[in-house]
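Lettering of chains follows the sequences in order, A, B, ..., and the numbering in each one begins at 1.
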Protein chains: 2
Amino acid sequence: MFRVALAPRDLQTFKADFFKALAHPVRIRVLEIVRGSERTVQELQEALGLDQSTVSQQLAVLRAKHVVRARKQGTTVRYTVVDPLVGELLDVARRLFNSQLTGTQTLLRELRRETRRQVRR
Amino acid sequence: MFRVALAPRDLQTFKADFFKALAHPVRIRVLEIVRGSERTVQELQEALGLDQSTVSQQLAVLRAKHVVRARKQGTTVRYTVVDPLVGELLDVARRLFNSQLTGTQTLLRELRRETRRQVRR
DNA sequence: TGTGTATATAGCGTTATTCAAATATAGTGT
DNA sequence: ACACTATATTTGAATAACGCTATATACACA
């Protein structure tokens with residue numbers, strides 16, 4: 001028998017795949033909605049103003065990368081974030097963007113609004 | 001102060017672009033080296049076992065997304081992470097992977113080794 | 001000026017992601 | 001069985017990211 005030494009490369013690939021899941025505007029918006037509480041696809045559609053197909057497609061990507069989990073209930077499906085650390089990750093990311101965006105006014109305003117919204121909830 | 005080269009259409013796009021920068025195994029490895037201390041391209045080449053062109057290329061991506069900053073000094077160029085929060089982000093990500101990988105032995109072992117290495121430093 | 005060294009960029013074929021439209025599945029009520 | 005609703009998957013064309021090789025730039029020093 002022989003040992004298959006898994007290169008550290010594979011670990012980084014795994015990590016990269018995870019970040020790939022976050023590397024899309026719609027998917028980020030989905031996560032920021034879903035991280036608060038479980039949501040149906042319909043709710044997501046409305047919140048995002050996107051059609052059913054698009055939302056389902058992006059949810060499929062998030063599912064494939066194990067960022068999000070689906071719970072079927074009759075004919076509707078509810079989504080949650082698999083790990084609360086995903087939320088924490090998004091928070092750190094927000095802080096990061098906040099410090100990076102200093103100087104670009106419009107985006108900053110957006111960011112602030114988002115932060116307030118989250119605190120209030 | 002910091003200036004975004006291409007004004008992104010909206011905030012989520014900006015965020016997505018940032019995560020895109022992390023969505024590549026080599027770039028993650030680069031960041032995990034560079035986050036500790038400033039490194040020359042040469043040092044990175046050696047540490048990664050990759051050729052000059054590849055390393056420079058990935059550094060270019062990280063630069064374009066403002067994750068990393070270059071400091072030229074004579075003929076050599078030293079790279080640093082722009083914001084220490086990037087390091088924090090990687091830490092949260094590591095915790096996340098750690099909890100996700102429970103059950104896949106080999107990758108877990110790799111992950112542990114990495115964590116130890118970092119603590120020790 | 002010329003040569004060597006460190007780093008960056010261009011060109012290009014291959015693969016992966018995206019977007020939108022169409023179609024498929026699965027559950028519920030009649 | 002049929003129709004209706006909620007969600008998922010497939011398809012295909014457009015675009016972006018990759019990996020590799022070759023070439024370019026920029027600096028140092030003789």
> Does any pair with a residue in residues 41-58 of chain A pass salt bridge (Lys or Arg N to Asp or Glu O under 4.0 Å), and if so which ones, sequence neighbours excluded?
Replying inline: none
> For B/Gln73 and C/dT7, what is the distance between atoms CD and P respectively, to the nearest whole Å?
Replying inline: 11 Å
Distances for protein N or O near nucleotides 19-22 of chain C N or O, under 3.5 Å:
from   : atom 1 : to      : atom 2 : distance (Å)
C/dC19 : OP2    : A/His24 : NE2    : 2.8
C/dA20 : N6     : A/Gln57 : NE2    : 2.4
C/dA21 : N6     : A/Ser53 : OG     : 3.0
C/dA22 : N6     : A/Ser53 : OG     : 3.2

>> On the nucleotide D/dT9, are OP1 or OP2 found under 4.0 Å from the side-chain N or O atoms that A/Arg63 carries?
In response: yes
> Within the structure, does a side-chain N or O atom of B/Lys72 lie under 4.0 Å from either OP1 or OP2 of C/dT7?
Replying inline: no
> Which pairs with one or both residues in residues 66-77 of chain A pass salt bridge (Lys or Arg N to Asp or Glu O under 4.0 Å), sequence neighbours excluded?
Replying inline: A/Glu38-A/Arg71
> Between B/Gln12 (CD) and C/dT18 (C1'), how many Å, whole number?
Replying inline: 18 Å
>> Measuring to OP1 and OP2 of D/dC18, would you say a side-chain N or O of B/Arg27 lies under 4.0 angstrom away?
In response: yes
> Should A/Gln58 and A/Thr54 be marked as a side-chain hydrogen bond (donor to acceptor under 3.5 Å, both in side chains) after you check the CA-CA gap, both sets of side-chain angles, and the distance that decides it?
Replying inline: CA-CA 6 Å; A/Gln58 301 304 339; A/Thr54 303; over 6 Å; no
> Should B/Arg35 and B/Asp91 count as an ion pair when the cut-off is N to O under 4.0 Å?
Replying inline: yes
> Which atoms form the tightest heavy-atom contact between B/Thr76 and B/Arg78, and what is the distance?
Replying inline: OG1-NH2, 3.9 Å
> Between C/dA8 atom P and B/Leu59 atom CG, what is the distance in whole Å?
Replying inline: 7 Å
>> Holding to ring pair (Phe, Tyr, Trp, His ring centres under 6.0 Å), I want the full list of residues that pass it with B/Phe18, two or more places apart in sequence or in another chain.
In response: A/Phe97
>> Could you tell me how far apart A/Leu22 (CG) and C/dT17 (P) are, to the nearest whole angstrom?
In response: 14 Å
>> Any side-chain N or O of B/Tyr79 below 4.0 angstrom from OP1/OP2 of C/dA6?
In response: no
> Base, sugar-phosphate, or nothing: which does B/Thr76 touch, judged by heavy atoms less than 4.0 Å apart?
Replying inline: sugar-phosphate
>> If the helix axis at each end comes from five base pairs, how far does the helix from C/dT1-D/dA30 to C/dT30-D/dA1 deviate from straight, to 10°?
In response: 10°
> Within the pair A/Thr75 and D/dA6, is there a side-chain N or O less than 4.0 Å away from OP1 or OP2?
Replying inline: no
>> Between B/Glu32 and A/Lys15, does any side-chain N to carboxylate O distance fall below 4.0 Å?
In response: yes
> Rounded to the Å, how far apart are A/Asp17 CG and C/dA16 P?
Replying inline: 11 Å
> So, the side chain of B/Arg27 versus the backbone of B/Ala21: is there a donor-acceptor pair under 3.5 Å, distance only?
Replying inline: yes
> What's the CZ-C1' distance between A/Arg78 and D/dT7, to the nearest Å?
Replying inline: 13 Å
>> Taking salt bridge (charged side-chain N to carboxylate O under 4.0 Å, His left out) as the definition, give me every residue that meets it alongside A/Arg95, ordered by chain and number, with sequence neighbours left out.
In response: B/Glu88
> In whole Å, what is the span from the CZ atom of A/Arg69 to the C1' atom of D/dT7?
Replying inline: 19 Å
> What is the distance, rounded to the nearest whole Å, between atom CZ of A/Arg71 and atom C1' of D/dT7?
Replying inline: 16 Å
